[in-house]
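Atom set for the values below is all heavy atoms of this structure, side chains included, hydrogens, waters and symmetry mates excluded.
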Amino acid sequence: MNKRNRLTTWILVGLVLGIATGYVANTSLADPKGFADIMSLVTTLFLRLIKMIIAPLVFSTLVVGIAKMGNAAEVGRIGVKALGWFVIASLLSLTLGLILVNLFRPGDAMALSGTLPATSASSGITASGLTLKDFITHLVPTSIADGMAKNEILQIVIFSIFFGTGAAAVGARATPLIDAIDGAAHIMLKVTGYVMNFAPFAVFAAVAGVVATSGVGVLATYGKFMGEFYLGIALLWVILITIGVLFVGPRLFKLLGLLREPTILAFTCASSEAAYPKTLEGLERFGVKNRLAAFVLPIGYSFNLDGSMMYCTFASVFIAQAYGIELALSTQMTMMLVLMLTSKGMAGVPRASLVVIAATLSQFHIPEAGLLLLLGIDHFLDMGRSATNVIGNGIATAVVAKWEGDLTDPALADKDIATAPLR
């Protein structure tokens with residue numbers, strides 16, 4: 001069994017043990033919440049380790065990649081292609097969520113249960129719509145040190161694009177610096193390997209803590225809603241994979257195999273950010289040149305959260321149905337476009353999907369208290385969203401690489417990616 005398969009196996013073992021331990025804690029301990037708080041320390045430690053390596057990894061790999069592209073025109077061309085794919089994928093995800101929630105109408109059953117929160121109740125989620133001014137402010141950092149300190153991936157990408165383009169323009173005089181940054185990128189990839197050794201423990205702690213707090217019974221209470229949502233996730237995977245195969249060919253299934261580990265990691269930790277380093281590694285093993293993968297993938301983390309997009313329309317209309325509010329088709333279409341805009345650039349916000357939904361509900365006079373229906377199961381829903389975000393961004397990067405002619409044979413498939421030169 002190779003190193004990647006061993007880690008995947010241990011992550012799955014951590015998931016199973018976490019569910020079992022959480023169930024025992026929920027049913028046997030007098031203070032399961034206290035147990036969950038202790039478990040959260042392990043998960044928090046792992047996620048902070050991940051956040052520790054994200055900024056230098058994105059900066060170093062992206063700067064080297066852009067510097068080796070050689071000109072701003074190529075950077076602009078790749079950026080336009082990537083954003084075009086992201087917009088189409090987001091619209092598909094939002095539309096699928098809208099179709100399924102109208103087809104299944106999960107909110108009707110909740111309305112009949114008579115257990116709806118009072119419309120005056122507070123969800124505790126701070127609604128935050130993203131205006132054009134907010135977006136521009138969020139897009140460009142006042143200081144790269146501040147952007148890195150806050151792990152604002154989009155801001156790091158913007159600075160790296162300018163830095164890498166400037167290095168390419170300087171030419172030979174910048175070569176020593178680019179070589180040093182290239183070395184830093186390899187160091188960060190090695191550090192990533194060290195951090196990933198803690199993943200099984202983080203998975204165990206995260207799942208045990210959630211099950212201990214919410215109990216397995218919450219899955220039965222919201223079983224229909226969750227089942228319909230995960231059916232939507234499965235359909236979205238089928239659509240994205242089918243479109244990916246049309247552009248990349250049957251070889252795309254090889255990519256799905258390489259993304260298995262980061263997808264499982266994102267699912268079990270309910271964090272697509274935790275899977276970023278392994279996703280980048282998987283794309284390189286697939287044959288996507290580092291300079292392109294390091295450019296497209298970070299942008300996708302802000303603009304191409306397919307699982308989160310589908311959830312936004314699904315959850316928003318679900319809450320409206322639960323409170324007996326019928327939304328006209330034109331209103332739902334408007335809601336979809338609002339979500340399309342307000343969700344961009346929100347990747348760094350904790351519980352970003354709930355924040356976006358809260359802002360949208362207020363605009364369409366839907367009780368914000370409806371979010372209370374989702375808080376108890378949001379972690380379980382976030383697991384599916386996070387895994388889908390990884391798959392969506394992996395396919396998007398592979399398709400853009402194919403368009404650019406930068407998709408090569410995976411010569412590094414059986415080698416340690418950390419020892420391979422960045423291309």
Side-chain angles (χ1 to χ4, degrees), residues 1-15 43 45-62 65 151 153 185-204 206 252-290 292-301 304-307 347 383-398 401 410 412-420 422:
M1 185 182 295
N2 60 39
K3 184 178 179 180
R4 281 175 290 163
N5 287 336
R6 284 200 302 271
L7 182 57
T8 300
T9 300
W10 279 113
I11 287 174
L12 292 174
V13 170
L15 174 63
T43 307
L45 175 62
F46 175 72
L47 292 179
R48 289 182 72 88
L49 285 171
I50 289 291
K51 290 178 182 294
M52 175 185 74
I53 64 178
I54 288 290
L57 181 62
V58 170
F59 173 75
S60 59
T61 55
L62 187 50
N151 253 7
I153 291 182
H186 283 90
I187 292 173
M188 293 314 303
L189 288 170
K190 181 62 70 174
V191 171
T192 296
Y194 299 150
V195 171
M196 285 302 154
N197 290 330
F198 293 96
F201 302 100
V203 169
F204 166 79
L252 185 76
F253 292 103
K254 173 68 174 178
L255 174 63
L256 299 179
L258 292 170
L259 294 182
R260 178 183 59 186
E261 184 178 307
T263 301
I264 292 174
L265 183 61
F267 179 81
T268 50
C269 288
S271 170
S272 50
E273 189 177 60
Y276 175 87
K278 283 293 183 179
T279 305
L280 181 63
E281 177 186 324
L283 286 164
E284 291 182 24
R285 291 183 184 279
F286 181 62
V288 178
K289 291 185 178 179
N290 175 271
L292 189 142
F295 177 52
V296 176
L297 189 60
I299 299 176
Y301 265 64
N304 191 47
L305 303 176
D306 298 325
M383 294 165 75
R385 299 196 302 260
S386 299
T388 304
N389 294 340
V390 171
I391 292 296
N393 280 316
I395 292 174
T397 305
L412 302 178
D414 298 318
K415 298 180 181 179
D416 184 355
I417 198 71
T419 63
L422 293 180

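Ser272 places no side-chain N or O within donor-acceptor distance of the main-chain N or O of Ser386, the cut-off being under 3.5 Å.
Under the 4.5 Å side-chain criterion, counting only non-hydrogen atoms from C-beta, Thr279 is not in contact with Glu284. The shortest side-chain heavy-atom distance between Tyr276 and Pro262 does not fall under the 4.5 Å cut-off. Using a 4.5 Å cut-off on side-chain heavy atoms (C-beta onward), Trp10 and Val203 make no contact. Counting only heavy atoms from C-beta outward, the side chains of Ile54 and Pro277 approach each other to under 4.5 Å. Within the 4.5 Å cutoff, the side chain of Phe201 has no heavy atoms near those of the Phe46 side chain. Contact annotation: the side chain of Cys269 never approaches that of Thr43 to less than 4.5 Å [non-hydrogen atoms, C-beta and beyond]. Within the 4.5 Å cutoff, the side chain of Met196 has heavy atoms near those of the Leu265 side chain.
Note that NZ of Lys278 is 11.5 Å distant from CG of Leu258, once rounded to the nearest 0.5 Å. In this structure, Ile391 CD1 and Thr263 OG1 are separated by 3.5 Å, a value rounded to the nearest 0.5 Å. Leu45 contributes atom CG, which lies 9.0 Å from atom CZ of Arg48 (distance to the nearest 0.5 angstrom). Atom CG of Leu256 and atom CZ of Phe286 lie 8.5 Å apart (nearest 0.5 Å). Interatomic distance, Leu255 CG to Thr397 OG1, rounded to the nearest 0.5 Å: 8.5 Å. Remark: Thr61 OG1 to Phe59 CZ distance equals 10.0 Å, nearest 0.5 Å.
Pairing each heavy atom of Ala396 with each of Asn304, the nearest pair is CB-ND2, 3.8 Å. The nearest pair of heavy atoms linking Asn389 to Leu305 is OD1-C, 3.1 Å. The two residues Leu259 and Gly394 have their closest heavy-atom pair at CD1-CA, 3.9 Å. Residues Thr388 and Gly384 approach most closely at OG1-O, 2.8 Å, considering heavy atoms. Of all the heavy atoms in Ala293 and Leu283, the pair that sits closest is CB-CB, 4.4 Å. Closest non-hydrogen pair, Ala401 versus Val288, comes out as CB-CG1, 3.8 Å.
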Run the side chain to side chain contact (heavy atoms under 4.5 Å, CB included) check on Asp306 and Arg385 step by step: do they pass?
-> CA-CA 8 Å; Asp306 298 325; Arg385 299 196 302 260; over 6 Å; no
